[in-house]
Amino acid sequence: MAAPAATGTTEAAPVRRFRRLPVRAADALVLAGYLVLAVLLTVGQWGRPGRLFHQAGDQILFEWMLARTAWAVSGLENPLYSAELNAPDGVNLMANTSVLGLGVPLTPVTLLFGSQVAFLVAVVCCLAGTATAWYVLLRRRLVDSRVAAAVGGLFCGFAPGMIAQAGAHLHMAAQFLVPAILALVFHPNPRRVWRHGTLLGLLVAYQVFLGEEVLVFLVLAAGTFALAYAAADRAAARRLAPALLGRLGVGVAVSLPLLAYPLWFQFFGPGHYRGMPFHAYGYQLDAASFPASARQTVLGDDHLPGLLAPNPTEENSFFGPGLLVLAVVIVIWMWRRPLVRALAVCGLFFAMLSLGGQVRLDGTPTGIPGPYRLVAELPLLDHAVPARFPLVCIPVLGILLALSLDRLRPDPAAGPRAGGVPVRLLWGGAVAAALLPLIPTPIRTVPAWPVPAFVTEGGWRAQTSPGRTLVAVPPVTGAGVSPAMFWSARTGLAFPAPGGYFIGPRAADDPAARWGAPDRPTAVLLRRVAETGEVPVVTDENRRQAVEDLRHWRAAVVVQGGLRHGDPVRRTVDALLGPGREVAGAHVWDVRPLVG
């Protein structure tokens, strides 16, 4: 997320002013290539409702968020809060990753084709859209070569870190507004401050509804870049600072009124929480991850990345040795350009932050303190996951690649700057050799238990009256995969359900963050059976507590679909509630006589 900036007179090849270039067939071909690649990467799920991407719980979360947004838009409901999950307390959606910026425009897709198709379309738009946005910025502001811009955009949109995030975290993969925001912040034209500032404020407000974490990283990266650039070219910084600060001021004035109520709702509305349910500093990268290969690449495997990253969705470095060597060569080669120096400082700074409070190498703590500990307690950064800082390095490397390829473009008017054919071929081969090992492979999928026909066909409706809920077994209330959330998403939020995968407060009088709703004893008991397959001894106290929990959830019917340890779970629920019955692919317990 490094920022391209207008440069001063000291640069050998100054950054160009914004150019209005006509869209040509070659540009359309580049954009079509990005789109085709994004579709191919999601091929494991198209037309396969029984598959989910490897981090299944995260996909279920975002499918539900997309379905809830469509439900809210079509019914003119509050999009910031929902009572359809975590019954009877509800969920503060603004305080979770509700991705309204994706859900609202995708509402027709969600209503017509369902949550899975909407999720896949969102993934494709995030990957191809981010690549396209960087291509446009590079082409119009930084380079003349279409090939250079295409390569830079390709890397920015499809680097290993972007693929890792796209399969699970839509809010982190949705970076297609980042280049546009940077283009406005660092616009080389000192005039039109009000116009550019207004557009900036609108884009920043929209980015909040795509992903606040990306916006935080963007602000930090842009600030770091601006300081580094000012140190590299003080004359240009003094000349451009008034207009830049003016645009920022107008942007803040425009965005704050738009965001005032949503942010108030997030931090003070129903279901708000304080802090995070996990220690952010525990999610750091190993120093050896930077020259390694990610698992979602042609040379990747499951073993090494699992040792060097906290989980498959946080493989945000893994650039390979060839690209890192090329980056060093480019920085040395083009060091005289303030833009390159500022990019190098920005990329190195965020790469170092990702190493956490203590640097690890090949899985072994080195005892060397990491720079992250210097900023870990600062506001905003205390909630930032260190392992995600290398996402800033992706566009830094993409811009450096584009600049280097553009420097060698075959332009007779450029004279010696263009280089001879052997030089161009040599450098092009080096870039290809560095990028080929990073070619992404289709995002891995895992099987999912199908939604029971009893749920999809509405068999539960005869037993559920308004104000009553359907309880899926096990009733997940923490960070696990939630059957209720999955069924709710795939049926368009047809029924309210307790539990779910989200972040909320520990209790009504304790706003400290936790995963899901506070645990109920019956939920804990059934989750343990689902995980272990061991049937416990069910006591009268367990039965009394089960009835109390069902009353708290306002349950009308309890439904069990496919589970790994399905038979032990069914026997346990039978012991708690009495015998259930098989109905349309599910085991069903009508609990209305128990809860009254």
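Both backbone and side-chain heavy atoms feed into the values below; hydrogens, waters and symmetry mates do not. Keep in mind it's a predicted model, so treat the numbers as computed, not measured.
Without hydrogens or angle criteria, R295 side chain to D301 main chain gives no donor-acceptor distance under 3.5 Å. Listed for the Y206 side chain is a donor-acceptor partner under 3.5 Å among the backbone atoms of G101. Between the side chain of T130 and the main chain of C126, a donor-acceptor pair closer than 3.5 Å is present. Between the side chain of R247 and the backbone N or O of L200 there is no donor-acceptor pair closer than 3.5 Å. Judged by distance alone, with hydrogens and angles left aside, the side-chain atoms of N316 form no donor-acceptor pair with the main-chain N or O of P390 at under 3.5 Å. In terms of modelled atom types and a separation under 3.5 Å, the side chain of Q296 and the main chain of P440 share no donor-acceptor contact. For Q358 (side chain) and G367 (main-chain N/O), a donor-acceptor pair under 3.5 Å exists by modelled atom type. Not a single donor-acceptor pair under 3.5 Å links the side chain of R373 to the backbone N or O of G356. Not one N or O on the side chain of S289 forms a donor-acceptor pair closer than 3.5 Å with the backbone of L285. Judged purely by atom type and a 3.5 angstrom limit, H169 has no side-chain atom pairing as donor or acceptor with the backbone of H171.
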Discussion item. Between W134 and L182, is the side chain to side chain contact (heavy atoms under 4.5 Å, CB included) condition met? List the steps.
Written reply: CA-CA 10 Å; W134 280 109; L182 291 174; 3.8 Å; yes
Practice prompt. Step by step, work out the side chain to side chain donor-acceptor pair (under 3.5 Å) result for N96 and S98.
Written response: CA-CA 6 Å; N96 285 269; S98 54; over 6 Å; no
Practice prompt. Check step by step if side chain to side chain donor-acceptor pair (under 3.5 Å) holds for S404 and W333.
Written response: CA-CA 9 Å; S404 70; W333 172 27; over 6 Å; no
Item to complete: I would like to know whether T445 and L52 meet side chain to side chain contact (heavy atoms under 4.5 Å, CB included); could you show each step before the answer?
Response: CA-CA 5 Å; T445 63; L52 295 170; over 6 Å; no
Worksheet item: Going through the distances and angles, do T297 and I439 end up as a side chain to side chain contact (heavy atoms under 4.5 Å, CB included)?
Response: CA-CA 5 Å; T297 59; I439 292 176; over 6 Å; no
Discussion item. Determine whether M162 and I394 satisfy the following criterion, side chain to side chain contact (heavy atoms under 4.5 Å, CB included), listing intermediate values before the conclusion.
Written reply: CA-CA 9 Å; M162 289 294 293; I394 292 173; 4.1 Å; yes
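Applying the salt bridge (Lys or Arg N to Asp or Glu O under 4.0 Å) rule to pairs touching residues 387-400 yields E213-R388, E314-R388, sequence neighbours excluded.
The minimum heavy-atom distance linking A294 with P305 is given by the pair C-CG, 4.1 Å. Across all non-hydrogen atoms, the minimal contact from I503 to A513 is CG2-CB, 4.0 Å. Here the closest non-hydrogen pair linking P437 and V298 is O-CG2, 3.7 Å. Taking both residues in full, the closest heavy atoms of A122 and L102 are given as CB-CD1, 4.3 Å, listed atom of the first, atom of the second, then distance. Closest approach of L137 to A183, counting heavy atoms only: CD1-CB, 3.7 Å. The two residues A118 and V109 make their nearest non-hydrogen contact at CA-CG1, 4.0 Å.
Residues L343 and Y229 have side chains not in contact (no heavy-atom distance under 4.5 Å, counting atoms from C-beta outward). Inter-residue side-chain proximity for T224 and F350 is flagged as met; some heavy-atom pair is nearer than 4.5 Å. Looking only at side-chain heavy atoms (C-beta outward), R24 and R146 come within less than 4.5 Å of each other. Two residues are said to be in side-chain contact when any heavy atoms from C-beta on lie closer than 4.5 Å; L308 and F318 meet this criterion. Looking only at side-chain heavy atoms (C-beta outward), W64 and F119 stay at 4.5 Å or farther from each other. Within the 4.5 Å cutoff, no side-chain heavy atoms of Q284 are placed close to those of S354. Residues T42 and F53 form a side-chain contact, since some pair of their non-hydrogen atoms from C-beta on lies under 4.5 Å apart. Residues I330 and L403 fail the side-chain proximity criterion, which asks for heavy atoms closer than 4.5 Å.
Expressed to the nearest 0.5 Å, how far CG of L248 lies from NE2 of H196 amounts to 13.5 Å. Atom NE2 of H54 and atom CG of N311 lie 9.0 Å apart (nearest 0.5 Å). Put simply, CD1 on I163 and OG1 on T441 are 8.5 Å apart, with the number rounded to the nearest 0.5 Å. One distance of note links OG1 of T97 with CG of L210; it measures 12.0 Å at 0.5 Å rounding. Atoms CD1 and CG, on I368 and L355 in that order, are 9.5 Å from each other to the nearest 0.5 Å. To the nearest 0.5 Å, atoms CE (M65) and CD1 (I60) are separated by 13.0 Å.
More than 12 heavy atoms of other residues, nucleotides or ligands shown are found within 6.0 angstrom of CE on M276. In the displayed structure, Y283 atom OH is contacted under 6.0 Å by at most 12 heavy atoms of other residues, nucleotides or ligands.
Note: F389 and F217 have parallel aromatic rings, judged against thresholds of 30 and 60 degrees for the angle between ring planes. The aromatic rings of Y135 and Y34 sit perpendicular to each other, their planes meeting at more than 60°, with 30° as the lower class boundary.
No side-chain donor-acceptor contact under 3.5 Å links D362 and T364.
Here the rule is side chain to side chain donor-acceptor pair (under 3.5 Å) with Q116, and of E63, R48, Q45 only Q45 fits it. With L41 as reference, L37 is the one residue of V43, V39, L37 to meet the side chain to side chain contact (heavy atoms under 4.5 Å, CB included) rule.
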